[in-house]
**Student:** 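Got a structure here, written out as structure tokens. Questions coming.
Note on naming: letters A, B, ... go to the chains in the order of the sequence lines (proteins, then strands), and numbering restarts at 1 for each one.
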2 protein chains.
Amino acid sequence: MNTMNNQMPDEASFLASYNPSNFLPVALTVDLVVFAVRHKVLHIALVKRGAHPFLGSWALPGGFVGPTENALAAAHRELEEETGLNLGSHRVFVEQLATFSDPGRDPRMRVVSVAHVVLLAAEGGIVPPLCAGSDAAHAQWVPVHTLDTPALAFDHGEILRQGMERLAGKMEYTTIGARLLPAQFTISALRDVYSAVWQVELPAGNFTRKIRPSLTSTGVKVQGVGAPASLFTVGSDWISPPLARPRR
Amino acid sequence: MNTMNNQMPDEASFLASYNPSNFLPVALTVDLVVFAVRHKVLHIALVKRGAHPFLGSWALPGGFVGPTENALAAAHRELEEETGLNLGSHRVFVEQLATFSDPGRDPRMRVVSVAHVVLLAAEGGIVPPLCAGSDAAHAQWVPVHTLDTPALAFDHGEILRQGMERLAGKMEYTTIGARLLPAQFTISALRDVYSAVWQVELPAGNFTRKIRPSLTSTGVKVQGVGAPASLFTVGSDWISPPLARPRR
DNA sequence: ATTATTATTATCAAATTGATAATAACTCTA
DNA sequence: TAGAGTTATTATCAATTTGATAATAATAAT
């Protein structure tokens with residue numbers, strides 16, 4: 001078998017079969033829609049751009065995918081680098097959102113970005129502060145529901161919109177909302193997450209009745225303002241039947 | 001304003017700010033999971049590879065994203081080129097699935113692929129035949145549920161798995177299944193789509209009761225083997241409350 | 001004409017829902 | 001320390017929805 005010398009003709013036939021005149025290398029990046037619930041308000045991590053284009057505008061954190069990593073690994077790495085978060089000491093959840101590839105989305109060159117949704121667990125409503133990343137950009141938590149999304153840099157407003165829809169939608173039929181809380185949490189804290197994301201108040205009694213089958217009680221109780229509440233962990237990733245998101 | 005000469009320093013600072021040592025150009029492709037229901041059986045379009053690697057294996061249709069098109073446009077173009085389908089004369093639905101970027105997914109070079117789900121409408125259980133594409137690869141409809149997915153080329157088995165999960169999942173809460181049928185269809189035909197995708201028989205009476213609010217009757221009736229059935233169009237993209245997919 | 005097949009509507013007990021209240025266990029404040 | 005206020009959890013119940021099954025009707029096949 002000719003193992004040594006078929007590498008080159010192989011790649012040549014590969015390119016030929018795919019019509020090389022249509023082939024152009026692109027830069028691959030990741031963009032991160034990082035959510036956290038601070039004091040019952042849904043926030044997103046944004047960086048202020050320190051260079052043209054969109055100098056001074058808010059943008060999503062992100063960066064290039066390296067030659068030896070996939071997009072998911074790049075998302076984890078950039079999360080640390082751009083926000084200063086120590087992933088070893090925080091609960092984070094990352095999932096791919098969608099890829100944005102319009103030829104003109106970056107005015108400088110062909111940049112294709114794989115957007116990700118990141119959920120950062122808050123402890124008692126407190127979220128770790130963000131530090132300026134490896135580039136000088138200023139990073140900050142910003143409330144999402146009062147944000148002027150069209151003012152974001154590039155197509156980041158549309159990415160954020162899709163990220164919010166993904167989070168809100170998946171919270172109907174999965175326990176993904178618990179990723180915004182510590183591993184052990186009260187049902188009320190989870191209900192506060194739903195209120196922050198869906199922007200509605202859910203009746204406590206019925207919420208407990210419907211979410212309970214997806215949770216596992218630890219038996220431990222914690223003191224709050226009123227009666228003590230049990231701590232739960234996620235028992236199932238699925239909520240069946242799904243919670244109905246009240247639509248206006 | 002220095003519009004003319006800040007292009008170069010701008011791009012330089014862009015690259016610098018993103019750590020250029022981690023930057024590597026990649027080839028961007030699309031892969032297509034093309035579904036159609038033939039005679040009540042869910043099929044997928046596959047091409048037989050005519051070159052190394054994976055010579056002779058089944059693979060998903062796909063190809064490079066051109067310099068002036070986004071991934072969605074490339075998906076439409078490659079669908080025509082690789083399967084010989086005339087998009088002007090068939091109902092097709094295309095939506096992005098996910099992006100696959102593992103460094104080793106193609107042994108020849110760094111290829112990042114944006115996978116798409118494509119739904120092709122069958123007319124009376126008949127699906128247009130596939131022709132060999134612009135490259136010599138042989139294209140064919142293959143029943144999905146009896147397919148040895150791990151035997152597919154590259155990571156196409158995993159892409160197919162995610163595509164099937166997307167289709168089956170979205171059919172719980174949207175009328176996307178109707179995209180596998182002509183614009184006007186009977187409730188029974190739609191139920192057959194659900195049976196083909198979910199691999200379960202759904203009771204006819206209850207299915208009608210639950211799907212009806214999402215459909216619009218045309219008033220026209222068609223003759224089949226039994227009683228005449230009304231033709232419907234999609235009235236709403238959403239099914240609320242969702243249909244419960246029976247799980248084993 | 002009779003039988004078989006299918007679409008559609010109907011029926012009904014069981015399960016689920018939304019709304020509301022009851023109860024219990026705590027903190028806060030005077 | 002005795003209310004008053006707050007919250008978690010369970011309970012209640014009428015209204016709605018569900019799954020199962022049947023009834024009805026309209027056609028083709030024999």
**Student:** Whole angstroms only, please: what is the CD-P distance between Gln223(B) and dA25(D)?
**Tutor:** 18 Å
**Student:** Quick one: which of dT27(D), dA7(C), dT10(D) gets closest to the side chain of Ala227(B)?
**Tutor:**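 Given the options dT27(D), dA7(C), dT10(D), the side chain of Ala227(B) is closest to dA7(C).
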**Student:** State the pairing partner of dA10(C); accept Watson-Crick or G-U wobble contacts with both distances under 3.5 Å, and report none otherwise.
**Tutor:** dT21(D)
**Student:** Atom CZ of Phe207(B) to atom P of dT9(C): distance rounded to whole Å?
**Tutor:** 14 Å
**Student:** Taking C-beta and beyond as the side chain, do Phe35(A) and Val33(A) meet within less than 4.5 Å on heavy atoms?
**Tutor:**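 SC-SC contact between Phe35(A) and Val33(A) confirmed.
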**Student:** Please pick, from dT27(D), dT18(D), dC26(C), the nucleotide with the shortest atom-to-atom distance to any side-chain atom of Pro241(B).
**Tutor:**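 Closest of the options to the side chain of Pro241(B): dT18(D).
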**Student:** Ala229(B) has a side chain; which of dA25(C), dT18(D), dA7(C) sits nearest to it?
**Tutor:** dA7(C)
**Student:** Does dG18(C) have OP1 or OP2 sitting under 4.0 Å from an N or O in the side chain of Lys210(A)?
**Tutor:** yes
**Student:** Do the side-chain N or O atoms of Arg209(B) get closer than 4.0 angstrom to the phosphate oxygens (OP1, OP2) of dA10(C)?
**Tutor:** no
**Student:** Look at the side-chain N and O atoms of Arg212(A) and state whether any lies under 4.0 Å from the OP1 or OP2 oxygen of dT10(D).
**Tutor:** yes
**Student:** On the nucleotide dA8(D), are OP1 or OP2 found under 4.0 Å from the side-chain N or O atoms that Arg191(A) carries?
**Tutor:**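 Checking dA8(D) against Arg191(A), a side-chain N or O does come within under 4.0 Å of OP1 or OP2.
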**Student:** Considering heavy-atom distances to DNA chain C, does Pro203(A) or Val225(A) have its closest nucleotide positioned more toward the 5' end?
**Tutor:** Pro203(A)
**Student:** May I have the distance from Lys221(B) (atom NZ) to dA25(D) (atom P), rounded to whole angstrom?
**Tutor:** 13 Å
**Student:** How long is the line joining CD of Glu201(B) and C1' of dA20(D), in whole Å?
**Tutor:** 16 Å
**Student:** Could you please name the partner base of dT30(D), counting Watson-Crick and G-U wobble pairs only when both distances are under 3.5 Å?
**Tutor:**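 Paired with dA1(C).
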**Student:** Step by step, would you call Phe154(A) with Phe54(A) a ring-ring contact (aromatic ring centres under 6.0 Å, His included)?
**Tutor:** CA-CA 8 Å; Phe154(A) 306 103; Phe54(A) 300 103; 4.9 Å; yes
**Student:** Phe185(A) CZ to dT7(D) P: how many Å, rounded?
**Tutor:**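 From Phe185(A) CZ to dT7(D) P: 20 Å.
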**Student:** In sequence, state the C-alpha distance, the side-chain angles, and the governing distance for Phe207(B) and Tyr194(B), and then conclude on ring-ring contact (aromatic ring centres under 6.0 Å, His included).
**Tutor:** CA-CA 10 Å; Phe207(B) 180 80; Tyr194(B) 276 86; 5.4 Å; yes
**Student:** Find the distance Asp192(A):CG to dA8(D):C1' and express it as a whole number of Å.
**Tutor:** 13 Å
**Student:** Are any of the side-chain nitrogens in Lys170(B) or Asp237(B) under 4.0 Å away from the carboxylate oxygens of its partner?
**Tutor:**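 The answer is no: the pair does not qualify as a salt bridge.
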**Student:** May I ask you to say what Ser188(B) touches in the nucleic acid, namely base, sugar-phosphate or nothing, with a heavy-atom cut-off under 4.0 Å?
**Tutor:**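 The residue Ser188(B) makes sugar-phosphate contact but no base contact.
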**Student:** Measure CD1/Ile211(B) against P/dT8(C) and give the value in whole Å, please.
**Tutor:**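 Rounded to the whole Å, the gap is 13 Å.
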**Student:** How do Ala204(A) and Gly224(B) order along DNA chain D: which one's closest nucleotide is nearer the 5' end?
**Tutor:**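 So the residue in question is Ala204(A).
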**Student:** For the pair Arg161(A) and Glu165(A), evaluate salt bridge (charged side-chain N to carboxylate O under 4.0 Å, His left out) and give the outcome as yes or no after the intermediate values.
**Tutor:** CA-CA 6 Å; Arg161(A) 196 193 62 73; Glu165(A) 187 51 40; 5.7 Å; no
**Student:** Asn206(A) has a side chain; which of dA19(C), dT10(D), dG19(D) sits nearest to it?
**Tutor:** dA19(C)
**Student:** Are OP1 or OP2 of dT8(C) and a side-chain N or O of Ser230(B) less than 4.0 angstrom apart?
**Tutor:** yes
**Student:** Assess whether a salt bridge exists between Arg166(B) and Glu95(B), defined as any Lys/Arg side-chain N lying under 4.0 Å from an Asp/Glu carboxylate O.
**Tutor:**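 Between Glu95(B) and Arg166(B) there is a salt bridge, with a charged N closer than 4.0 Å to a carboxylate O.
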**Student:** Between Ile239(B) (CD1) and dT18(D) (P), how many Å, whole number?
**Tutor:**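 So the two atoms are 12 Å apart, to the nearest Å.
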